[in-house]
*Asks:* 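Mind having a look at this structure? Questions to follow.
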2 protein chains.
Amino acid sequence: MTDPPKAPEGTAADLIASGLRLFGQKGFAATSTREIAAAARTNVASIAYHFGGKEGLRRACGAEVIRRMGTALGNHGAPVPAAPQAAIAEMEATLRSMCAFVTTSPVAAPLVPFMLREVGEGGVIFELVYGAMIEPMHRRFCALWAAATGQEAESPRTRLLVFSLIGQLLYFRVGRPVVTRRMGWDTLGPAEAGTIADLLAANLHSLIERERRS
Amino acid sequence: MTDPPKAPEGTAADLIASGLRLFGQKGFAATSTREIAAAARTNVASIAYHFGGKEGLRRACGAEVIRRMGTALGNHGAPVPAAPQAAIAEMEATLRSMCAFVTTSPVAAPLVPFMLREVGEGGVIFELVYGAMIEPMHRRFCALWAAATGQEAESPRTRLLVFSLIGQLLYFRVGRPVVTRRMGWDTLGPAEAGTIADLLAANLHSLIERERRS
DNA sequence: TGATTTTGATCAATCGTTTGATTAAAATCG
DNA sequence: CGATTTTAATCAAACGATTGATCAAAATCA
């Protein structure tokens, strides 16, 4: 269908990396083009040259988010398993890999703050990422949930339930400062991510068991 | 201990209201003092007069967040019920009122976007709100959880579990654009908030039941 | 009246963008 | 092939616009 988007190279890639990091850290408006250029070890004018301007760099960062998440969590095309046990297994595996990716992967590190701000401002980037990433993944999870519990995949209840599952996971990243503070953690590394993933998996199984009975 | 903070009045209150809304909507740096003053129907210089500057207005907005949430969800002082059923009932009631407050209350509407940005930037405001609101509420919820399940209130597992409960709730507000889009909702009003609250309450009971068995 | 609050004007600093010059590699030509 | 032209990329410098802050004067209040 669509070609796999190629990773940017050279100065353009450096600018995107710096933009992703700084936009997420301080916000789009709070980050000056000069600061981005300095971080990317190039001249301010490069931004206008490569992306047409600051707003163009923002779009390029959004595209990079889609690209990175797509390569990291991209098995959307595979057929949804019909057997409940297989569906449950895939859900747990997805939850665990998403947890690891979102909380500890250095590739994902700048992505979450950036996207969080974009979702908050509700601009074009959000539309892009929603259509390319969020909805497909949510749909697949709903289908897996249906296969696991025998309920209808696209019913409002199923969709909300899947959101409650994803919400648990994402909060540990969005509210990371809160969590680490309250838990007394110095860092949120692989060990802590594993503990979180175990809890999320246990919650998943509890909710599935309840829904299967009804 | 500390006096109940009094609600601001007059021009200062108008500036705080405008600041809360605009800071949350577009971000602190993206909002100009002139824009805030115009929204509050006053002069730019009023900001410096009342709050010492833009940063002072930001602090005042943070204090207002604490004040509003404190008056809306503030029964921290009451003794934690010892009976499991009573503890469960309070947890469900808290979850439901938090859900209603956070998703539909016009008083809370500007608070979440504002705080979300402040948490992301991790500044002084976050420290303030964490100490005054987040940790006390989380502690109480942990104590309730302990009363309900017989587990230890301050164990890492309990603390994480409570975060997973809160995370479900907060995601429906943080990811509101995602949720409404995917659910096909025009708005997130009392009816939709009720549906969400019912689901969260059901999840709460499922998790409690599981933890009581172990 | 004296104290408090609001206002309009002005400041230096910083913003995103544009400009023309410069360089080196690629393409074209004789 | 060597000479020439074209192209892509980067740079320092400067642009007008906007930023937060400041202050004296005006207005309002008690």
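Every chain is numbered from 1, with letters handed out A, B, ... down the list of sequences.
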*Asks:* Within 45° of the ring axis of B/F163 and under 6.0 Å from its six-membered ring centre, is that where the NZ or CZ of A/R182 lies?
*Replies:* no

*Asks:* Quick one: B/D14 CG to C/dT6 C1', roughly how many Å, whole number?
*Replies:* 13 Å

*Asks:* Tell me, please, the opening and closing nucleotides of DNA chain D, 5' to 3', among those with an atom under 4.0 angstrom from a non-hydrogen atom of chain A.
*Replies:* D/dA8 to D/dA14

*Asks:* Can you sort out which residues in residues 22-44 of chain A have a heavy atom within less than 4.0 Å of DNA chain D? Ascending by number, please.
*Replies:* A/R34, A/T42, A/N43

*Asks:* Atom CZ of A/F51 to atom C1' of C/dG16: distance rounded to whole Å?
*Replies:* 16 Å

*Asks:* So does B/H50 get a side-chain nitrogen or oxygen closer than 4.0 Å to the phosphate oxygens (OP1/OP2) of C/dT4?
*Replies:* no

*Asks:* Salt bridge check, B/E135 against A/R181: does any charged N sit closer than 4.0 Å to a carboxylate O?
*Replies:* no

*Asks:* Heavy atoms under 4.0 Å, any strand shown: does A/G53 hit a base, just sugar-phosphate, or nothing?
*Replies:* sugar-phosphate

*Asks:* For B/Y49 and C/dT6, give me the distance from atom OH to atom C1', rounded to whole Å.
*Replies:* 9 Å

*Asks:* Can you see which heavy atom on A/P81 is nearest to which on A/E90, and at what distance?
*Replies:* CD-OE1, 3.5 Å

*Asks:* Do the charged groups of A/R159 and A/E152 touch, with an N to O distance under 4.0 Å?
*Replies:* no

*Asks:* Just by modelled atom types, is the A/V124 backbone N or O under 3.5 Å from a matching donor or acceptor in the A/R59 side chain?
*Replies:* no

*Asks:* Where is the tightest heavy-atom contact between B/G24 and B/P113, given as atom of each residue plus distance?
*Replies:* O-CB, 3.6 Å

*Asks:* Give me the atom names and distance for the closest heavy-atom approach of A/L20 to A/E64.
*Replies:* CD2-CG, 3.9 Å

*Asks:* Between B/R96 and B/E92, is there a salt bridge with N-O shorter than 4.0 Å?
*Replies:* yes

